[in-house]
Amino acid sequence: MGSEAETVTLRKPRFLCLHGFRTSGEILKTQVTMKWPESVTRKLDLVYLDAPFPCQGKSDVEGIFDPPYYEWFQFNKEFTEYTNFDECLAYIEDYMIKNGPFDGLLGFSQGAILSAGLPGLQAQGLTFTKVPKIKFLIIVGGAKFRAASLADKAYSTPIQCPSLHFLDPVVIHHPKGHTIPRLDEKGLQIMESFLERIQKMAFLTPIPSLSIRAFCTKPSAKMADRAVQIQNPDSISYLTQREAAEIDEILMGPLGFSVDQLMELAGLSVAASIAERVLAICGPGNNGGDGLVAARHLYHFGYKPSVCYPKRTPKPLYSGLVTQLESLSVPFLSVEDLPLDLSKDFDILVDAMFGFSFHGIPRPPFDDLIQRLVSLRDHDQTHQKSPVIVSIDIPSGWHVEEGDIGGEGIKPDMLVSLTAPKLCAKKFCGPQHFLGGRFVPPSVADKYKLRLPPYPGTSMCVRIGKAPKIDISALRENYISPELLEEQVEADPIDQFCKWFDDAVAASLKEPNAMALSTAGKDGKPSSRMVLLKGVDKDGFVWYTNYDSRKAHDLSDNPHASLLFYWDGLNRQVRVEGSVQRVSDEESEQYFHSRPRGSQIGAIVSKQSTVVPGRHVLLQQHKELEEKFSDGSLIPKPKHWGGYRLKPELFEFWQGQKSRLHDRAADQNILSILRVDVILCLVVNLVIKLNVMSDLSLQYSPHEINGQQVWKIERLAP
Ligand SMILES: NC(=O)C1=CN([C@@H]2O[C@H](COP(=O)(O)OP(=O)(O)OC[C@H]3O[C@@H](n4cnc5c(N)ncnc54)[C@H](O)[C@@H]3O)[C@@H](O)[C@H]2O)[C@H](O)CC1
Ligand SMILES: [K+]
């Protein structure tokens, strides 16, 4: 939880410590702890491992340190031939897999020989292929491999990572011979500057947190539990005002973001969540900047944004954003220009007045602007259409942590929280809560123990909390969104389908209820076309059509069909096969009369799949019928029009997966995405989409167990 976070401290680099020949992890630990000051050891996370082989001879530390003693590998007198070397590497790698990840190796003597040689072998792909790259080394009393075959490979290039050596002619000179040395003043200085450097690097290349891994890799049952939990809004992190400001500082400090970049991403997230005739009301700070960016993206998405920006900030960032909007002829309206009643001219009001730096009570002119948004709710009471209010990060005027204290503040319909929701968002009870700003690096998520929902596909925002209930039959063109984890699929395929369908709506996919219907008539020749799903329940999938159409003829000859949903953007596809029956006349009647009157007339006019003399004939008939029914009388459902229900017998859920190669390409691209602009971001997103190669398919087929029908879930080869 965000509020569990303490002061900002850098993560300690984690080292696996390899002891000397015929000693032990415990002995190395004692030496390091005794000889190095606490100011050094407290900056490191040191893990001591015993070597795999019990000591096979006399130990040099007998009488000084207690046994047991261990050795990593054995060698001949000349040190040119090694025994058990591969076993030793496998043993260390296995330990690193189970107890890692580690940032670096610290080695003494034989452990130092290993530590110094392993990065080279790893770079050549000869060992440690299943663990992250070794990033740092501390080598005390080391030497080189003398086995020629190994030395060639291990030292083909100099050590690339930051490394600290304690052996002449190296960095920290010491006169104490083959031991862990105490640090004199100069040695301590060198050690501290080394630590500072690697700490920064460890911070910038964080160990992936559990919360992030839970969504990226094949989950264990425990992780799957965690992933399920995270869909519950109560388990999402909320930030205090101080934490929000701190994260901002980290992003713009050690993580190298500029405010322009973050604002760009924030504004894009907002624009991706909304649409239509929009007024962005912008405040003097960065929240206002987000509003300006959102207005620009909305313009490019094809909407008609206007901006009210009464207290302009004379910084280049803001004047640049204003110039960009002016160049698009986006109107800037003064407070005086604004209609008193905002409901007439706008469908959507973007509240970008104040974000997480707001204090006290709003000063003019924002007090009045906020009041106008508040009074729009009175419209709701009188059932007049009122614009939707979308608040960026915080409903302006709300206390950042306590929320709408007096209960008389803005009541937004949608809140787009940025980075992580602030505490006040717990009090938000509007229907749409999104999280935007897909820019929080794992290091920050880790530090603040942030539990955030995964972003679906390439989406810039993700819904938090429950989606409002959707009436599939009323869906013409619309909206929805998370990700397939094998252990998480529902036992009942209809439930699984509904879950994915909701995601497709949340991801704002166009016509998520469009499906390809394939039929085959007597001749066995299949034909496909797109139709709209109008209902789904335990009995099956329903669509409506003309009973004289080709598909209808096919179905009367052969009542079997296949449905295919493809949700681009989520890289998902669902195939459903089964037998088809007409729905009851009552059901068709009911649906027919719920349709817009224009569509009802269209159904009467259209004799699907028959040849018509020309379009004018259809238009003429349509006009005549419109006139006939202009008095609002009931339009009778034509006999030739009605519904079908496919009773499923087989399901296949397919999820496109990014291949490892493409993951890597995406990682490398992330910096350039952030540096350039959103356009590149979209381009890269497209590339990522195109790169979907391998996939994951789960098939549900009916089976009988003890006389009961159950769905059996099987994985299909990609
Ligand atoms: N990492 C992120 O999450 C990012 C968030 N962004 C957005 O930035 C805001 C926070 O921006 P900031 O500039 O710090 O503050 P505000 O926008 O909240 O506004 C400060 C502004 O308002 C004035 N002010 C404060 N109180 C009052 C008052 N009672 N009456 C009138 N004026 C007031 C104050 O003087 C300042 O001028 C965050 O919420 C996000 O929306 C970034 O864009 C990207 C990174
Ligand atoms: K706001």
Side-chain angles (χ1 to χ4, degrees), residues 2 237-253 255 257-271 273-274 280-294 296-297 308-315 317-318 321 349-371 373 389-401 403-405 409-425 428 430 434-441 444-445 448 450 452 460-461 674 678:
S237 303
Y238 291 82
L239 300 178
T240 62
Q241 191 165 24
R242 184 178 65 84
E243 285 163 1
E246 260 179 28
I247 291 181
D248 222 35
E249 276 169 31
I250 294 177
L251 290 168
M252 292 191 233
L255 290 176
F257 282 95
S258 70
V259 65
D260 313 31
Q261 286 176 272
L262 294 176
M263 200 177 271
E264 198 59 43
L265 291 162
L268 177 63
S269 310
V270 177
S273 321
I274 58 178
I281 309 177
C282 302
N286 289 346
N287 196 258
D290 295 346
L292 297 174
V293 172
R296 170 158 47 78
H297 286 295
C308 174
Y309 186 28
K311 289 267 175 233
R312 298 195 180 192
T313 307
K315 287 187 188 159
L317 165 62
Y318 299 88
L321 294 175
L349 301 170
V350 177
D351 154 29
M353 287 178 266
F354 304 116
F356 61 63
S357 299
F358 175 78
H359 285 278
I361 50 166
R363 294 188 291 274
F366 297 104
D367 51 351
D368 168 52
L369 288 166
I370 289 177
Q371 216 34 56
L373 298 195
I389 300 174
V390 179
S391 288
I392 304 184
D393 211 17
I394 299 208
S396 297
W398 282 27
H399 188 283
V400 176
E401 295 179 0
D404 184 12
I405 295 174
I410 298 180
K411 303 219 169 7
D413 304 273
M414 183 193 279
L415 175 62
V416 184
S417 292
L418 297 170
T419 306
K422 317 302 170 290
L423 278 170
C424 67
F428 171 73
F434 283 86
L435 179 64
R438 195 174 184 175
F439 47 66
V440 181
V444 171
Y448 287 87
L450 296 183
L452 301 172
M460 291 302 290
C461 52
L674 296 173
V678 92

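Quick caveat: nothing in here was measured; it's all calculated off a predicted structure. Just so you know, ligand 1 is whichever comes first in the structure, and atom 1 is the first atom listed for that ligand. Counting from 1, the numbers follow the sequence of the chain as shown.
- With sequence neighbours excluded, no residue satisfies salt bridge (charged side-chain N to carboxylate O under 4.0 Å, His left out) with Asp367.
- One finds a salt bridge joining Glu264 and Arg296 here, because a Lys/Arg side-chain nitrogen approaches an Asp/Glu carboxylate oxygen to under 4.0 Å.
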Mind listing the N or O contacts between ligand 1 and protein, cut-off under 3.5 Å?
from	atom 1	to	atom 2	distance (Å)
ligand 1	1 (N)	Asp248	OD1	2.7
ligand 1	1 (N)	Thr419	OG1	3.2
ligand 1	3 (O)	Thr419	OG1	2.6
ligand 1	13 (O)	Asn286	N	2.9
ligand 1	14 (O)	Ser357	OG	2.5
ligand 1	15 (O)	Ser357	OG	3.2
ligand 1	17 (O)	Asn286	N	3.3
ligand 1	17 (O)	Asn287	N	2.9
ligand 1	18 (O)	Gly355	N	2.6
ligand 1	18 (O)	Gly355	O	3.3
ligand 1	18 (O)	Ser357	N	3.1
ligand 1	26 (N)	His359	N	3.3
ligand 1	26 (N)	His359	O	3.4
ligand 1	29 (N)	His359	O	2.7
ligand 1	29 (N)	Ile361	O	2.8
ligand 1	30 (N)	Arg363	N	3.1
ligand 1	32 (N)	Arg363	NH2	3.4
ligand 1	39 (O)	Phe356	N	2.9
ligand 1	39 (O)	Asp393	OD2	2.6
ligand 1	41 (O)	Asn287	ND2	2.8
ligand 1	41 (O)	Asp290	OD2	2.6
ligand 1	43 (O)	Asp290	OD1	2.5
ligand 1	43 (O)	Asp290	OD2	3.4

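- Remark: side-chain polar atoms of Lys422 are paired, donor with acceptor, to backbone N or O of Ala420 under 3.5 angstrom.
- Side-chain atoms of Asn287 come within 3.5 Å of backbone N or O of Ile392 as a donor-acceptor pair.
- Checking Ala352 against the K ion (ligand 2), every N/O/S atom stays at or beyond the 3.4 Å cut-off.
- In this structure, the side chain of Gln241 does not engage the main chain of Glu401 through any donor-acceptor pair within 3.5 Å.
- At a cut-off of 3.4 Å, Ser391 does not coordinate the K ion (ligand 2) through any N, O or S atom.
- The K ion (ligand 2) forms the vertex of an angle spanning OG of Ser396 and OD1 of Asn287; to the nearest 10 degrees it equals 100°.
- Residues Ser417 and Tyr238 fail the side-chain proximity criterion, which asks for heavy atoms closer than 4.5 Å.
- With sequence neighbours excluded, the residues forming a salt bridge (charged side-chain N to carboxylate O under 4.0 Å, His left out) with Asp404 are Lys411, listed by chain and number.
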Below 3.5 Å, can you tabulate the donor-acceptor pairs from side chains in residues 350-361 to any protein atom, sequence neighbours excluded?
from	atom 1	to	atom 2	distance (Å)
Asp351	OD1	Met353	N	3.3
Asp351	OD1	Ser396	OG	2.4
Asp351	OD2	Ser391	OG	2.6
Asp351	OD2	Ser396	N	2.9
Asp351	OD2	Ser396	OG	3.4

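- In this structure, Ile247 and Leu450 have side chains that are in contact, with non-hydrogen atoms separated by less than 4.5 Å.
- At a cut-off of 3.4 Å, Gly283 does not coordinate the K ion (ligand 2) through any N, O or S atom.
- Counting backbone and side-chain atoms alike, Ile394 contributes an N/O/S atom closer than 3.4 Å to the K ion (ligand 2).
- The K ion (ligand 2) is closest to atom O of Asp351 (considering only N, O or S atoms).
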